[in-house]
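Side-chain atoms are counted along with the backbone in the values below, which use heavy atoms only and exclude waters and symmetry mates.
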Amino acid sequence: MSDRRPIGVFDSGIGGLTVLSALCCRLPAERFVYLGDTARLPYGTKSAETVTRYALRAGRFLADERIKLLVVACNTASAAALPALERELSVPVIGVVEPGARVAVARSTGAIGLIGTESTVASGAYQRAIQALGGSSPVRARACPLFVPLAEEGWFDHPVTRMVASIYLAELRGVVDTVILGCTHYPLLKPAIAEALGEGVHLVDSAVAVAEEVAVRLRASGTAAEGGDGEVRLLVTDAPARIARIAALILGDDTPPLQLVDLPA
């Protein structure tokens, strides 16, 4: 039986559209409703308690859209709020931390680098996930808080972005062979990040791993959509023109219009 209920995807801003894009490619028959809490970004500089409160508001909002599964396409919210979301919601919840950690453990032969927001790095979520997966490689973490506003500004490969990346990542260059992009905004800055780290470093973007995990979960539960055309709705809590422009850069020519919504307390 085909389950045509949508899949909810949530992020603090537009970085999670990288995960949405991977989901659409892997699951073209599915319907998606994406919520970007653009009025409250960045989450990465806020306390875990505040992030959890915001994430629960978003989760409840998407649950009211009658979703069948929630993807938390935000590393900060995955690190801080996943247990609370799992307790609160009656649908399966998938975060981005464990899939990314799994890929890093499989790929690395030396030290693993982790770059993310201040909250994600301080949470230790990736370090715990790597340890739980049996990884023995040392993890060298670096918070890169300016990457999110640079991505939201659309400065994906700007001279300022390259300069900031070179400063942030100098201590990882030549030390790690694998780097987890511990924020869904960071894949948008891949050229600058790769240049700063030097050749031979594998960058782990968890979007593809998350999409595969969602596909497996849907098959196992019998809730996959079978046949028919997929659909995407984009909801944001603030809609400046640059958000629509960057969304089109990530999703391409078929990007649907942004719909402005408010999240009740």
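Put simply, the side chain of R142 never gets that close to the backbone of E171: no donor and acceptor are under 3.5 Å apart. Judged by distance alone, the side chain of D177 and the main-chain N or O of G110 form a donor-acceptor pair under 3.5 Å. Proximity of a side-chain donor or acceptor of S221 to a complementary backbone N or O of R217 within less than 3.5 Å is detected. Side-chain atoms of Y186 come within 3.5 Å of backbone N or O of C144 as a donor-acceptor pair. Using modelled atom types, one side-chain atom of D11 and one backbone atom of G16 make a donor-acceptor pair closer than 3.5 Å. One N or O on the side chain of S2 and one on the backbone of E226 form a donor-acceptor pair closer than 3.5 Å. In this structure, T255 contributes its side chain and G252 its backbone to a donor-acceptor pair below 3.5 Å. The backbone N or O of P42 sits less than 3.5 Å from a side-chain atom of K46, completing a donor-acceptor pair. In this structure, the side chain of D3 does not engage the main chain of A224 through any donor-acceptor pair within 3.5 Å. At least one donor-acceptor pair under 3.5 Å links the side chain of S78 to the backbone N or O of V72.
Between R245 atom CZ and I250 atom CD1 the span is 10.5 Å, to the nearest 0.5 Å. One distance of note links NE2 of H158 with CG of L189; it measures 12.0 Å at 0.5 Å rounding. With values rounded to the nearest 0.5 angstrom, I167 atom CD1 is found 13.5 Å from R162 atom CZ. To the nearest 0.5 angstrom, W155 atom CH2 is 11.5 Å from I246 atom CD1. In this structure, CD1 in I7 is found 10.5 Å from CG in L70, a value given to the nearest 0.5 Å. If you take CG on L258 and CD1 on I14, they are separated by 10.5 Å, rounding to the nearest 0.5 Å.
Applying the side-chain hydrogen bond (donor to acceptor under 3.5 Å, both in side chains) test to R233 and every residue at least two apart in sequence or in another chain returns E65. Applying the side-chain contact (heavy atoms from CB on, under 4.5 Å) test to R219 and every residue at least two apart in sequence or in another chain returns R26, E212, A215, V216. Taking E195 as the reference, nothing meets the side-chain hydrogen bond (donor to acceptor under 3.5 Å, both in side chains) condition, with sequence neighbours excluded. When the side-chain contact (heavy atoms from CB on, under 4.5 Å) test is applied to A111, the partners found at least two apart in sequence or on another chain are P138, R140, V176.
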**Report entry** side chain to side chain donor-acceptor pair (under 3.5 Å) between T120 and S123, intermediate numbers included
**Finding:** CA-CA 5 Å; T120 297; S123 74; 5.6 Å; no

Requested in this report: In sequence, state the C-alpha distance, the side-chain angles, and the governing distance for E152 and L41, and then conclude on side chain to side chain contact (heavy atoms under 4.5 Å, CB included).
Outcome: CA-CA 10 Å; E152 294 278 345; L41 70 87; 3.6 Å; yes

Requested in this report: For the pair Y168 and F147, evaluate ring-ring contact (aromatic ring centres under 6.0 Å, His included) and give the outcome as yes or no after the intermediate values.
Outcome: CA-CA 10 Å; Y168 276 154; F147 279 177; 5.3 Å; yes

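Within 6.0 Å of atom CG in D64, more than 12 heavy atoms from other residues, nucleotides or ligands are found, so the atom counts as buried in its surroundings. Environment of CZ in R242: crowded, with over 12 heavy atoms of neighbouring residues, nucleotides or ligands closer than 6.0 Å. Applying the 6.0 Å contact sphere to CD of Q131 captures no more than 12 heavy atoms from other residues, nucleotides or ligands.
Grouping the Ile, Leu, Val, Met, Phe, Trp and Tyr side chains by contacts below 4.5 angstrom, directly or via other members, places V96 apart from V51. By the rule that hydrophobic residues join a cluster once side-chain heavy atoms approach within less than 4.5 Å of another member, M163 and L169 end up as members of separate clusters. Both L251 and I243 are members of a single hydrophobic cluster when ILVMFWY side chains are connected at heavy-atom separations under 4.5 Å.
Defined by atom type and a distance below 3.5 Å, a donor-acceptor pair is missing between the side-chain atoms of S119 and T117. If you check the side chains of D37 and T237, you find a donor sitting under 3.5 Å from an acceptor. Neither side chain, N75 nor T184, offers a donor N or O lying under 3.5 Å from an acceptor on the other.
The stretch residues 192-241 participates, sequence neighbours left out, in no ring-ring contact (aromatic ring centres under 6.0 Å, His included) pair at all. Sorted by first and then second residue, the pairs that involve residues 81-90 and meet salt bridge (charged side-chain N to carboxylate O under 4.0 Å, His left out), not counting sequence neighbours, are R60-E88.
The pair E98-R128 does not meet the salt-bridge criterion, since no charged nitrogen lies less than 4.0 angstrom from a carboxylate oxygen. Salt-bridge check for R4 with E30: failed, with every basic side-chain N at 4.0 Å or more from each acidic carboxylate O.
The only member of L235, L62, V93 that meets side chain to side chain contact (heavy atoms under 4.5 Å, CB included) when paired with F10 is L62.
Closest heavy-atom contact between P264 and F61: CD-CD1, 4.4 Å.
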